[in-house]
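Both ligands and their constituent atoms are indexed starting at 1 by order of listing. As the structure is a computational prediction, the values presented were derived from the model and not from experiment. Because only heavy atoms are used, hydrogens play no part in the values below, and waters and symmetry mates are left out as well, while side chains stay in.
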Amino acid sequence: MSAELLEMARRIALQAGALAAERRREGVSVAASKSSDVDIVTAADRETEALIRALIRLERPDDAFYGEETDAAAGSSGLVWVVDPIDGTVNYLYGSPAWAISIAVGELGQSDDADAEPTANWRALAGVVYAPATAELYAASAGGGAWVEQIGSPTHPAPQPLHVNTGAPLAQALIGTGFSYSADRRQAQAEVLLTLLPLVRDIRRVGSAALDLCAVAAGRLDGYFERHLNPWDHAAGALIAAEAGATVAGLNGAPATAELLIAAEPALFTALHGALLAAE
Ligand code: LIP
């Protein structure tokens, strides 16, 4: 099941990435703002999600859908697709390369909370993060490992397996993070950073949770944390990082949710979790 779902997600991500890249070349502008004046959506975000949603429905009409730019749709199959059509939207708007198509599919868990995030207690089955600007497609299936493909290379290199960095103490760890679109939340996040920054090697703020999680999987970051993420930001990247050896979770053993997501190899996860608790 996971292999077939992964192949489907990969195929759709490549089509969606080609569309988004073409729209980027044509020129991109803000279509609307959402939770704040700086939380924007472009017409390409909407068009790309519409394409992904239609392609999924064509092949698997009974699956649920949960995307950033359109209303959620329930399903009857027990599977849900969690999609960010363009993660790193602001980078996409400015023409920076750090943006990606993020597509994940999993088995919905049982929850009494109708408002619960679909990824809070789901079982992720397959995830793909495709970055057209760098032609890198990251992928993972449950229990099948994680890898990165170079798309379009004339030499057709084999996919490279992904493994997290291990052994870096917190003081030598390169940590990724990100910030909310809400000014009040950013103030609080900056105050946490004031405490954390002297405790680690350095901080990186890429602007795409999906690519931050793939960077942890690839060993280009030792760890990553962020508050206030949406499920579509991390659904695919979290599986890729976990299949590459990271612990991906929230506070005190809870699943990763909007409250907090931390991703790192187990020993660093514990150290980073403790430092974040102390910094709050
Ligand atoms: C983005 C996340 C990023 C976060 C940004 C934004 P978007 O998602 O991927 O980690 O720091 O504030 O939420 O809005 O580009 O889909």
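Contact detail for Arg186 and Phe179: the closest heavy-atom pair is NH1-CB, 3.8 Å.
In this structure, the ring of Tyr66 has its center less than 6.0 angstrom from the ring center of Trp232.
Judged as a salt bridge (charged side-chain N to carboxylate O under 4.0 Å, His left out), the pairs with a partner in residues 147-159 (not counting sequence neighbours) are, in order, Arg10-Glu149.
Comment: Arg204 engages Asp202 in a salt bridge, judged by a side-chain N to carboxylate O separation of less than 4.0 angstrom.
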In sequence, state the C-alpha distance, the side-chain angles, and the governing distance for Val83 and Arg53, and then conclude on side chain to side chain contact (heavy atoms under 4.5 Å, CB included).
CA-CA 9 Å; Val83 171; Arg53 188 167 185 150; over 6 Å; no
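Protein residues having a heavy atom under 4.0 Å from any atom of ligand 1 are Glu68, Asp84, Ile86, Asp87, Gly88, Thr89, Gly178, Phe179, Tyr181, Arg205, Gly207, Ser208, Ala209, Tyr224, Glu226, Leu229, Asp233, listed by chain and number.
Side chain to side chain, Asp87 and Ser102 fail the donor-acceptor criterion of an N or O pair below 3.5 Å.
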